[in-house]
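Working notes, beginning with the structure itself.
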Amino acid sequence: MDLAKQNGAAKAGGLDGVVVADTALSEVDGERGRLVVAGHDIEALAGRVGFEDLCGLLWTGAAPDAATRRAIGQALAEGRALAFEQIPALGEALVAEDGSAALMACVAHFGARAAWRAEGAAPWTELGRVTGAVATFAAAWARRRAGGQPIAPDVSLGHAADYLRMVRGEVAPEAAARALDAYLVTVADHGMNASTFTARVVASTGSDLVSAIVAATGALKGPLHGGAPGPVLDMLDAIGEPGRAGAWIAAELAAGRRIMGMGHRIYRVRDPRAAVLERALGELERGGSVGARLALARATERAAEALLAERHPDRPLKANVEFYTAVLLDAVGLPRELFTPTFAVGRAAGWSAHVQEQRRAGRLIRPASRYVGPVPA
Ligand code: COA
């Protein structure tokens, strides 16, 4: 089967534009800079509804009523608690140098436990428990890395607030928890990106949810996907003050290096999630903590956009989600090596939803390749 012909949009040698699934979960319009998640513009969701509501929207297809929202919050909390119980049996899984690698190992262990399965319960109970577990493991890895002990979840808290508490070791200010909640909602789902495709491929083979989340985490951690926000913060540190942004960016480009947090495969305008995160940061600033970093980020974005436009006049390269992710996650008190695992904490909601949708589709994803090797005479 010639997928390129079938879809009419594939670039030679790539999968760009090839339709691999029908989805009701999210749609990215790269020309207009619009992200629709389950029927809602991202601007109407981030900072307006909580992560639990967003999970409800993705997992049930409708905005959850109060009872469903509570039940989803409970499934997430159960996942956090079950994961915490498992920590003593994780062996070396938590001591990996890289947080995403630790997450993959821990979540794989979680899959070996029967307790997370929820036979007879609502389908999203399983999705909630696995999504919840990701937060506990990410936080536990950060605690160990900082020389401390993992902190038990507080199941009475919302997911974002409890994640922040498990990382920081104390209840975070409400404004910080709200900003993190807005971040988790912003990144929960984003069309057929590389990690979501990975999750769907795994699910399409009839494999389990945990395997799909582990594989997707592996896809997410690459610097061209979810691995960029830590380097964005390194960049801002290296630039130091707004007046130095232009010279620094120009030197990087002259050295042939890419500017992290800029450019996107799909968006030809500014990533709408950058604006949503900037708005959440603005609200956090009113609570008193961000200031200089946000000003530096804005100056750096302006300089990068202008210099990239000079260099690539035909290819708009603007800020992507990772740019303001770096500023926001730093502002709420997360260490930069935890940025990519934190992306997974939010995206696990979308991955789970796609696994559920793929299961319903019930069809093996089996793309084609173009053979360019030799043929025996
Ligand atoms: N900095 C400098 N140049 C960039 C760039 C960036 N961030 N992003 C793209 N370019 C350049 C490429 O070098 C290429 O130039 P060339 O034609 O002279 O070789 C041109 O723009 C087209 O890039 P291309 O590789 O076709 O874009 P892509 O669609 O494959 O890349 C990204 C998309 C996201 C991988 C890319 O923009 C990137 O690497 N960004 C930095 C990493 C990042 O922020 N990742 C998070 C993504 S959400």
Side-chain angles (χ1 to χ4, degrees), residues 9-18 26-31 33-35 37 42 46 100 183-184 186-198 216-239 245-278 297 300-330 336 339-347 350-351:
K11 276 188 188 169
L15 274 171
D16 297 49
V18 173
S26 63
E27 165 76 351
V28 182
D29 181 338
E31 297 297 328
R34 185 175 195 194
L35 168 60
V37 178
I42 192 63
S100 299
Y183 167 77
L184 296 180
T186 302
V187 301
D189 203 43
H190 196 243
M192 197 51 59
N193 60 86
S195 58
T196 298
F197 181 49
T198 303
T217 305
L220 182 74
K221 79 188 180 77
L224 301 187
H225 188 3
V232 168
L233 202 59
D234 295 339
M235 169 177 74
L236 295 178
D237 283 348
I239 292 172
W248 194 92
I249 300 279
E252 285 294 288
L253 292 175
R257 285 190 283 273
R258 287 189 177 208
I259 308 305
M260 291 292 116
M262 300 297 295
H264 198 274
R265 176 58 63 84
I266 306 289
Y267 290 118
R268 290 295 167 266
V269 293
R270 195 173 189 246
D271 183 334
R273 297 168 300 172
V276 162
L277 295 182
E278 222 185 335
T300 302
E301 181 192 356
R302 275 196 303 274
E305 193 178 311
L307 288 163
L308 284 166
E310 266 174 32
R311 226 179 163 82
H312 300 282
D314 301 327
R315 166 76 186 213
L317 295 166
K318 314 232 183 220
N320 63 50
V321 67
E322 309 287 28
F323 202 89
Y324 288 94
T325 289
V327 186
L328 188 147
L329 296 186
D330 180 58
R336 71 191 71 194
F339 288 2
T340 301
T342 302
F343 194 164
V345 170
R347 186 54 63 83
W351 291 333

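Here, residue 1 is the first one in the sequence, and each next residue gets the next number. Ligands are counted one by one from 1 in listed order, and the atoms in each one are counted from 1 as well.
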| Minimum side-chain heavy-atom gap K221-F343 below 4.5 Å | no

| query | Would E310 and L308 count as a side chain to side chain contact (heavy atoms under 4.5 Å, CB included) if you check the C-alpha gap in whole Å, the side-chain angles of each, and the deciding distance to 0.1 Å? | reply | CA-CA 5 Å; E310 266 174 32; L308 284 166; over 6 Å; no

| Contact with ligand 1 for G227, non-hydrogen, under 4.0 angstrom | no

| query | Where the closest heavy atom to atom 43 (C) of ligand 1 is concerned, which of N320, I266, T325 has it? | reply | N320

| query | Atoms of ligand 1 less than 4.0 Å from M260 heavy atoms? | reply | 41 (C), 42 (C), 44 (O)

| query | Between L253 and ligand 1, is there a nitrogen or oxygen pair with a distance under 3.5 Å? | reply | no

| task | Return yes when V232 approaches ligand 1 closer than 4.0 angstrom through a heavy atom, no otherwise. | result | no

| said: Could you check whether any side-chain N or O of D271 sits under 3.5 Å from a backbone N or O of V321, counting only pairs where one atom can act as donor and the other as acceptor? | reply: yes

| query | With sequence neighbours left out, what residues match Y267 under ring pair (Phe, Tyr, Trp, His ring centres under 6.0 Å)? | reply | H190, H264

| field | Contacting atoms of ligand 1, where contact means under 4.0 angstrom from a heavy atom of E322 | value | 46 (C), 48 (S)

| Atom indices of ligand 1, in the order listed, that fall short of 4.0 Å to a heavy atom of H264 | 33 (C), 34 (C), 37 (O), 48 (S)

| Looking at G261, which atoms of ligand 1 are within less than 4.0 Å of one of its heavy atoms? | 43 (C), 44 (O)

| query | Got H312 and L253 here, is their nearest side-chain heavy-atom distance under 4.5 Å? | reply | no

| field | Option nearest atom 27 (O) of ligand 1 (shortest heavy-atom distance, choices R265, K318, R315) | value | R315

| said: I want to confirm something. Looking only at heavy atoms, which of V321, L308, D271 is nearest to atom 3 (N) of ligand 1? | reply: L308

| task | With rounding to the nearest 0.5 Å, note down the distance linking OG1 in T186 to CG in D189. | result | 12.5 Å

| query | So, does R311 sit close enough to ligand 1 that a heavy atom of it is under 4.0 Å from the ligand? | reply | no

| request: Decide yes or no for T300 and F323: does some side-chain heavy atom of the first lie under 4.5 Å from some side-chain heavy atom of the second? | output: yes

| query | Does any pair with a residue in residues 319-328 pass side-chain hydrogen bond (donor to acceptor under 3.5 Å, both in side chains), and if so which ones, sequence neighbours excluded? | reply | E301-Y324

| Numbering the atoms of ligand 1 from 1, which are under 4.0 Å from a heavy atom of H225? | 46 (C), 47 (C)

| message | So if I count the atoms of ligand 1 from 1 in the order they appear, which ones are less than 4.0 Å from some heavy atom of A228? | response | 43 (C), 44 (O), 45 (N), 46 (C)

| task | Ignoring hydrogens and angles, tell me if any N or O in the side chain of S195 forms a donor-acceptor pair with the backbone of A219 under 3.5 Å. | result | no

